[in-house]
Amino acid sequence: MAEHTVKAYDEELTALAGRIAEMGGLAETTVSNSVTALVTQDLDLARATIEQDARLDELFQEIEMGIVEIIARRQPMGRDLREIVAAGRISNDLERTGDLAKNVAKRVIAIDSDLTSKKLAIGVEHMTELTLSQLKKVLDAYTQRDAPAAADVRERDREVDAIYTSLFRELLTYMMEDPRSISQCAHLLFCAKNIERIGDHATNIAESVYYMVTGERLGDERQKIDETGVVVK
Amino acid sequence: MNEMPHIDKAAEMTDSKISAKQVQVFYGDIHAIKDVDIEINPRSVTSFIGPSGCGKSTFLRCLNRMNDTIDVCRVEGTILIDSEDIYDPKVDPVQLRAKVGMVFQKPNPFPKSIYDNIAYGPRIHGLAANKTAMDEIVTSSLQRAGLWEEVKDRLSEPGTGLSGGQQQRLCIARAIAVNPEVILMDEPCSALDPIATAKVEELIDELRENFTIVIVTHSMQQAARVSQRTAFFHLGILVEEGPTQDIFTNPTDKRTQDYITGRFG
Ligand SMILES: Nc1ncnc2c1ncn2[C@@H]1O[C@H](COP(=O)(O)OP(=O)(O)O)[C@@H](O)[C@H]1O
Ligand SMILES: [Mg+2]
């Protein structure tokens, strides 16, 4: 796209996109570290992850201030306006992603014992891999301004949801078989739920990217079905 | 009426207050407006935006035949208001300008009292039978222009003694006084400070309940704030026209995109 007549405006927008990319990279590491800490019961890594989240919060605030300044100074229009609205939403989703990862890390410290079931840990790990690949893809779609790639990410969120549902069922059976495992399983369940929520944030980001690039909203056809509600009954 | 779907298009067209087709404007050899087609909705605000010299004012002036007053100016094409051709020889331009009022960039009250500024038009057009009727017109016009409270105690003072923003609202009141259906405004706020601008914008928003308003503005934020539809002109061509929200968030044409985002090179 052609440059703005006012050069500083271009620089401000580039800087904003750069910050989002930085936040995205950091969010990925935070999520990945929190789950590694969980499956390996690495308390130091868990503590480091909790600290890492503070940097995400900081970046989020910087981005928000940057956005307020650009709006006040430039009154963005058209694609610039969409770009800025998207940056605000995306940084919000990344900040929440960091919070959810931090929550996983805190649970690692709360569990503070070896996991009774390696199989469950592998399930959470697998779910995380998928979520992380979603997050990575959507952040790439953001930097590449790639709407179809963003649409694809949203489509694939179903897979994350499906794994969550099966993990949920499995955890239930564990808890019924051995009530002593309930505390640990409950923590694991929350961890899995957090990862699933991170997948939802990746989906939100996909929608923001799609809107930013095309000016259109992704249709509403993708319905969120939480089957865990049915199982409880 | 579902049984006649094939006339929908026609029905839609007669719904517009102003309908321009293939309008050309020449100043001598200069072709200032080229092939402009536009439909303007009744009781709503349409804004014309575009770089200066693109022909916004020229096209706006076509809508009440103000261009007739410029010797070198020639207008071709068709402009219908309420399905009536305003360039038909039978149309009286003075009557037309009562129906299609105009507010200019610089507030231009007459060097008369506030009262007479408003009464002037109704007097010419014989709209008031007596003094009471005229008082009524003056009062209601000032009220509708949101100026009444500020001037009711000094109606005999000169209009030129008001602040810039008040003068502009006085000019709007003057335009309203002759019961127009359409009000054309050419950069009505460009000489006003932000507060006075906000008051005029607020007024425009109220007026659209009863009038069809077309406003030329160089401020895209103003267009975004006050209008329901926006038309973007460039080099005498109507590049794009549509719901204001679409024009400012997701314009179709690259030229519009470049202009509204400040990338005009
Ligand atoms: N009275 C006039 N005589 C000759 N040329 C004119 C006259 N008014 C406008 N023009 C020309 O017509 C073009 C459009 O002008 P105008 O309608 O004033 O543009 P805008 O309102 O978008 O700034 C410009 O090139 C301008 O020089
Ligand atoms: Mg002009």
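A note on names: the letters A, B, ... follow the listed sequences, proteins ahead of strands, and every chain is numbered from 1.
Other residues, nucleotides and ligands place more than 12 heavy atoms under 6.0 Å from the NZ atom of Lys34(B). Atom OH of Tyr27(B) has more than 12 neighbouring heavy atoms from other residues, nucleotides or ligands inside a 6.0 Å radius.
Gln257(B) contributes a side-chain N or O that, together with a main-chain N or O of Arg79(A), makes up a donor-acceptor pair within less than 3.5 Å.
Taking CG of Asp80(A) as the start and CZ of Phe248(B) as the end, the distance is 13.0 Å to the nearest 0.5 Å. The OG1 atom of Thr261(B) sits 4.5 Å away from the NE2 atom of His4(A) when rounded to the nearest 0.5 Å. Thr214(A) contributes atom OG1, which lies 7.0 Å from atom CG of Asn250(B) (distance to the nearest 0.5 angstrom).
Contact count against chain B (heavy-atom pairs under 4.5 Å) is highest for Met77(A) among Gln75(A), Arg74(A), Met77(A).
Closest approach of Gly78(A) and Pro251(B) over heavy atoms only: CA-CD, 4.3 Å.
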